[in-house]
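Working notes, beginning with the structure itself.
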Amino acid sequence: MYTDTDRCVRAVQSKDARFDGWFFTAVRTTGIYCRPSCPAVPPKVENMSFLPSAAACQQAGYRACKRCRPDTSPGSPEWNARADAVARAMRLIQDGVVDREGVPGLAARLGYSARQVERQLNAELGAGPLALARAQRAQTARLLIETSELPMGDVAFAAGFSSIRNFNETVREVFALTPGELRARATRAGRREPRIPGTLSLRLPYRAPLNPDNLFGHLVATAVPGVEEWRDGAYRRTLRLPHGSGIVALTPGPDHIGCRLALTDLRDLTIAISRCRWMLDLDADPEAVDGRLRTDPLLAPLVDKAPGRRVPRTVDAAEFAVRAVLGQQVSTAAARTHAARLVTAYGEPVADPQGGLTHLFPSPGTLAGLDPEALSMPRSRRTTLTTLVAALADGSLPLGIDSDWEAARARLNALPGFGPWTTEIIAMRALGDPDAFLPSDLGVRKAARALGLPSTPAALTAGAAGWRPWRAYAVQYLWATDDHPINRMPAEGAPS
């Protein structure tokens, strides 16, 4: 995108917010960088240059614009629509892997040498993994400075900086303001959300349009009691994080998702934000998705009726895989019951002074010790579950945001009891493959038949070729034709 100068210039001159996060405009005469939709008067074309990331801008010596705050724009949708090494690396960097494990840890997860990872990221993003992680630390620091009253020393270490000096220098270099000036500016602008003791409040931006109905409806209708709930207009759930646990409350808004986080260790802030954005699919590009799906005249009316549907994902791929097996060939209510029993027996207790959350979902290591005879399900499904848990626990089945989608499918299909539906639902909601497809799903087949589409799995797969690479989104539109709780915004008193 950023190499198409004419297209970038048109986006900047029209202040097109659809391209925020796709590229950044560096202004040579002022030394600042902006998002395409910056409200300031566009610079002269000869003074513009275009870069693929905030890190590349910062590395080139540009500071963030104080008006459009480009570091807070939604992430590039490209990283969640691809499965190559660069996209997987970006998802891992956003998840805080470089801060926790360094560049060698990032390279090891990708199966490349550190030199190869550095070369590929520099070639495509104009910055290496350390610079990209530094830009993310700066953004996290800004969030904490502007939305909390934490002492600056606590902000520095929570954001991942190794020293107060490095924190001060980075903030001053990136934002052309000291940490204290940033906080004072936020207070004057009224950017702080109402505070609840022990929580951090922030806003998660997204590209419009966003239809929250199926997103929050699905999460709440399938919520596991004790782990998830709908309370006071917010979806709440517990989080298992590298340094402790957390509780998040997510509230849909007209131009952002309200996010309240309670963390046992502030070092987990970056990863908690990343996982919430991932779960709600907030970095998607609805214009591109809906534009492709509208090319099918049978699907177009569904898109036009409620554009901007997202794919509800998960904060933990292993957790979702377990829940997918528990949900095989049973109702949504029965799947919730099975999962709740596992949580009660094996989950780690948490304290929730704000609501009814009681446990973290049990880890694969903990579930590896479960007694199959205690599971009230058919013996074949017990075998499927215990085999899955063992593979997750011993590392032979790595599932996560960095997974190679096709390799993960092959490993899942090799497990007993895994058919196309289970594998594809995991690929869609746990791994984030935007082209995962469920032609055998009863709801999809019913919707296809009503629309005049082929309804047998083979014929529907062939007919859906024109929806690629966004078939996972097409599934959301097809599901939405049914009057099911997963398609409706929850009301108070919804399952919790």
Regarding [X] and [Y], does a basic nitrogen lie under 4.0 Å from an acidic carboxylate oxygen?
| X | Y | result |
| --- | --- | --- |
| E146 | R69 | yes |
| R468 | D435 | yes |
| E229 | R237 | no |
| E287 | R294 | no |

Mutual orientation of the aromatic rings belonging to F437 and W467 [parallel < 30°, tilted 30-60°, perpendicular > 60°]: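 Aromatic pair F437/W467 classed perpendicular.
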
Identified side chain to side chain contact (heavy atoms under 4.5 Å, CB included) counterpart of R137 within the set L132, T270, D99: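 Running side chain to side chain contact (heavy atoms under 4.5 Å, CB included) over L132, T270, D99 with R137 returns exactly one hit, D99.
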
Worked verdict on Y477 versus D290 for side-chain hydrogen bond (donor to acceptor under 3.5 Å, both in side chains): CA-CA 10 Å; Y477 283 105; D290 292 351; 2.9 Å; yes

Worked check of side-chain hydrogen bond (donor to acceptor under 3.5 Å, both in side chains) between S201 and R260: CA-CA 5 Å; S201 298; R260 291 189 187 275; 2.5 Å; yes

Any donor-acceptor pair under 3.5 Å linking the side chain of [X] with the backbone of [Y]?
| X | Y | value |
| --- | --- | --- |
| D352 | L357 | yes |
| S331 | A334 | yes |
| N487 | D483 | no |
| S245 | L241 | no |

Heavy-atom pair with the smallest gap, counting every atom of T264 and G244: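 Answer, listing the atom of T264 first, then G244: OG1-CA, 3.3 Å.
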
side-chain hydrogen bond (donor to acceptor under 3.5 Å, both in side chains) partners of R109, counting only residues at least two apart: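 Once residues adjacent in sequence are excluded, the partners of R109 under the side-chain hydrogen bond (donor to acceptor under 3.5 Å, both in side chains) criterion are E101.
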
Modelled atom types, side-chain donor and acceptor of D441 and W421, under 3.5 Å: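 Present: a donor and an acceptor within the cut-off.
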
Geometric cation-pi criterion, R313 with W278: 6.0 Å, 45°: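 Here R313 passes the 6.0 Å and 45° test against W278.
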
Partners passing salt bridge (charged side-chain N to carboxylate O under 4.0 Å, His left out) against R445 (at least two apart in sequence or in another chain):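 Not a single residue meets the salt bridge (charged side-chain N to carboxylate O under 4.0 Å, His left out) criterion with R445.
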
For R382, salt bridge (charged side-chain N to carboxylate O under 4.0 Å, His left out) partners two or more places apart: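 Salt bridge (charged side-chain N to carboxylate O under 4.0 Å, His left out) check on R382 returns E373.
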
Steps toward salt bridge (Lys or Arg N to Asp or Glu O under 4.0 Å) verdict (D283, R277): CA-CA 7 Å; D283 290 325; R277 293 192 64 81; 2.7 Å; yes

